[in-house]
Amino acid sequence: PTLLCTNKIQAITQSNPYCNIRALVLAAAGTVYAAGSFTDSLRLDKNPPFTTAAGDESSESAFFAKYNKDGILLWHKVIKGGYLLATDISLDKFNNVYIAGQAVTGAAIDFDPGTNVANLQFDGNDFYFAKYDANGNYVWAKTINVGNGNNSFENKMHAIYVDSNMNIYLAGQFQNTVDIYPDATTVTLANPGGANCNCTVGFYAKYNNSGTLLWGRADTRNAAIRDLHVHDATGRIALAGERSTNFGTPFRLVSAAGA
């Protein structure tokens, strides 16, 4: 393959700066979208005049950004207010942007990177997913509450995917319980090993484009679902994960209903 462009994203300011890119997605026009997290300040391009994003000095902030086909920054957005990770990013057919991740905080975080406020309340180590328009403006955000076991850092949101019908799919892992319904209704998935089993269970769920739950599954064959993809013609879902102690398979296909 021929290398077309490169770019450099760099954490700056702190004595021990940190940043990472967790995910990339490519749009049909060749534009590139990146998502990740950083501490303090982040330089988003490699050539002057540099664009710098400001985050939290003492904890991680989430960011997502759009670049043109030549790797030139077009815009960026930052979400801060607690220890926040953006672990995956996806686009729909209109180039609306969807991100997912987790928040390790007991505080409220404003998911609107503009002048308005759209707070989500977290209570320790919860998941989130959010939708933004093609220019990165806030549309909505949802919290997924996680019931912590004896190691809350084993709860992780790994993947988000949007199909051609603009349905949203999430995947990850949890140790104790997870309430996959983001609104007032409760739909709880539980680890059959219990809260203190020192093991995790993979999960995956489907939502409509307003973020309302359609269905969800705990997958005891896998300790984690790391990624998923939907075949639009059939609705079948490909899952990639980690083998569990029950000797499941790290890659398998499920139906459009998740079974």
Side-chain angles (χ1 to χ4, degrees), residues 5-12 19-47 49-56 59-103 108-120 122 127-144 157 159-164 166-170 182 207-211:
C5 69
T6 64
N7 207 329
K8 179 181 180 180
I9 297 177
Q10 180 180 3
I12 56 176
C19 70
N20 68 49
I21 296 176
R22 295 294 187 102
L24 294 172
V25 64
L26 183 67
T31 50
V32 179
Y33 297 76
S37 58
F38 68 100
T39 56
D40 203 354
S41 298
L42 187 70
R43 184 176 291 162
L44 288 143
D45 39 21
K46 64 180 180 180
N47 297 316
F50 297 116
T51 301
T52 301
D56 282 341
S59 62
E60 292 189 45
S61 300
F63 79 94
F64 58 103
K66 179 181 179 180
Y67 297 83
N68 70 13
K69 62 183 179 60
D70 298 314
I72 305 300
L73 179 69
L74 299 177
W75 51 255
H76 72 281
K77 305 293 179 180
V78 174
I79 308 166
K80 58 184 179 179
Y83 185 92
L84 189 68
L85 303 178
T87 55
D88 202 11
I89 186 169
S90 187
L91 304 174
D92 65 24
K93 58 188 176 183
F94 301 111
N95 286 336
N96 295 308
V97 180
Y98 302 76
I99 62 171
Q102 61 209 69
I109 295 178
D110 179 11
F111 274 75
D112 189 341
T115 57
N116 295 322
V117 176
N119 283 334
L120 289 185
F122 297 94
F127 304 147
Y128 73 86
F129 62 114
K131 178 182 178 180
Y132 299 84
D133 69 18
N135 295 311
N137 299 310
Y138 175 82
V139 178
W140 53 253
K142 305 288 185 179
T143 306
I144 296 178
M157 175 73 81
I160 186 168
Y161 181 85
V162 183
D163 68 16
S164 61
M166 299 179 64
N167 296 304
I168 302 163
Y169 300 78
L170 302 176
Y207 301 81
N208 68 18
N209 200 255
S210 298

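Basis for what follows: all heavy atoms, side chains included, without hydrogens, waters or symmetry-related copies.
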*For the pair Asp45 (side chain) and Phe50 (backbone), establish whether a donor and an acceptor sit closer than 3.5 Å, ignoring hydrogens and angles.*
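Side chain of Asp45 to backbone of Phe50: no pair is present.
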
*Report yes or no: does Thr87 contribute a side-chain atom to a donor-acceptor pair with the main-chain N or O of Ala100 at less than 3.5 Å?*
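A pair under 3.5 Å: yes.
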
*For Ala130 and Ala141, work out which heavy atoms get closest and say how close.*
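Here Ala130 and Ala141 meet closest at CB-CB, 3.7 Å.
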
Do [X] and [Y] come within less than 4.5 Å of each other through their side chains, counting heavy atoms only?
| X | Y | answer |
| --- | --- | --- |
| Val139 | Tyr98 | no |
| Met157 | Tyr128 | no |
| Asn209 | Asn167 | no |
| Asp40 | Phe38 | no |
| Phe127 | Leu170 | no |
| Tyr33 | Leu24 | no |
| Tyr67 | Leu44 | yes |
| Ile160 | Asp88 | yes |

Measure the spacing between [atom1] of [X] and [atom2] of [Y] and express it to the nearest 0.5 Å.
| X | Y | atom1 | atom2 | result |
| --- | --- | --- | --- | --- |
| Lys77 | Tyr138 | NZ | OH | 14.0 Å |
| Ile168 | Lys142 | CD1 | NZ | 9.5 Å |
| Lys131 | Trp140 | NZ | CH2 | 7.0 Å |
| Lys80 | Thr39 | NZ | OG1 | 13.0 Å |
| Ile72 | Thr31 | CD1 | OG1 | 13.5 Å |
| Leu85 | Ile79 | CG | CD1 | 11.5 Å |

*Parallel, tilted or perpendicular, as decided by the 30° and 60° cut-offs, for the rings of Tyr169 and Tyr161*: tilted

*asked:* Would you call the rings of Tyr207 and Phe129 parallel, tilted or perpendicular, taking 30° and 60° as the class edges?
replied: tilted

*Determine, step by step, whether Leu84 and Ser61 satisfy the side chain to side chain contact (heavy atoms under 4.5 Å, CB included) criterion, reporting the C-alpha distance in whole Å, the side-chain angles of both residues, the deciding distance to 0.1 Å, and the verdict.*
CA-CA 5 Å; Leu84 189 68; Ser61 300; 5.9 Å; no

*Could you give me the CA-CA distance, side-chain angles and deciding distance for Val25 and Ser90, then say whether side chain to side chain contact (heavy atoms under 4.5 Å, CB included) is met?*
CA-CA 6 Å; Val25 64; Ser90 187; 5.6 Å; no

*Begin from the C-alpha positions of Asp133 and Val97 and carry the test side chain to side chain contact (heavy atoms under 4.5 Å, CB included) through to its verdict.*
CA-CA 6 Å; Asp133 69 18; Val97 180; over 6 Å; no

*Could you point out which residue of Ile89, Ile99, Asn137, Asp112 forms a side chain to side chain contact (heavy atoms under 4.5 Å, CB included) with Tyr132?*
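For Tyr132, the side chain to side chain contact (heavy atoms under 4.5 Å, CB included) test succeeds with only one of Ile89, Ile99, Asn137, Asp112, which is Ile99.
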
*So Asn96 and Met166, side chain to side chain contact (heavy atoms under 4.5 Å, CB included) or not? Walk me through it.*
CA-CA 10 Å; Asn96 295 308; Met166 299 179 64; 4.3 Å; yes

*Would you please name every residue forming a salt bridge (Lys or Arg N to Asp or Glu O under 4.0 Å) with Lys66, sequence neighbours left out?*
none

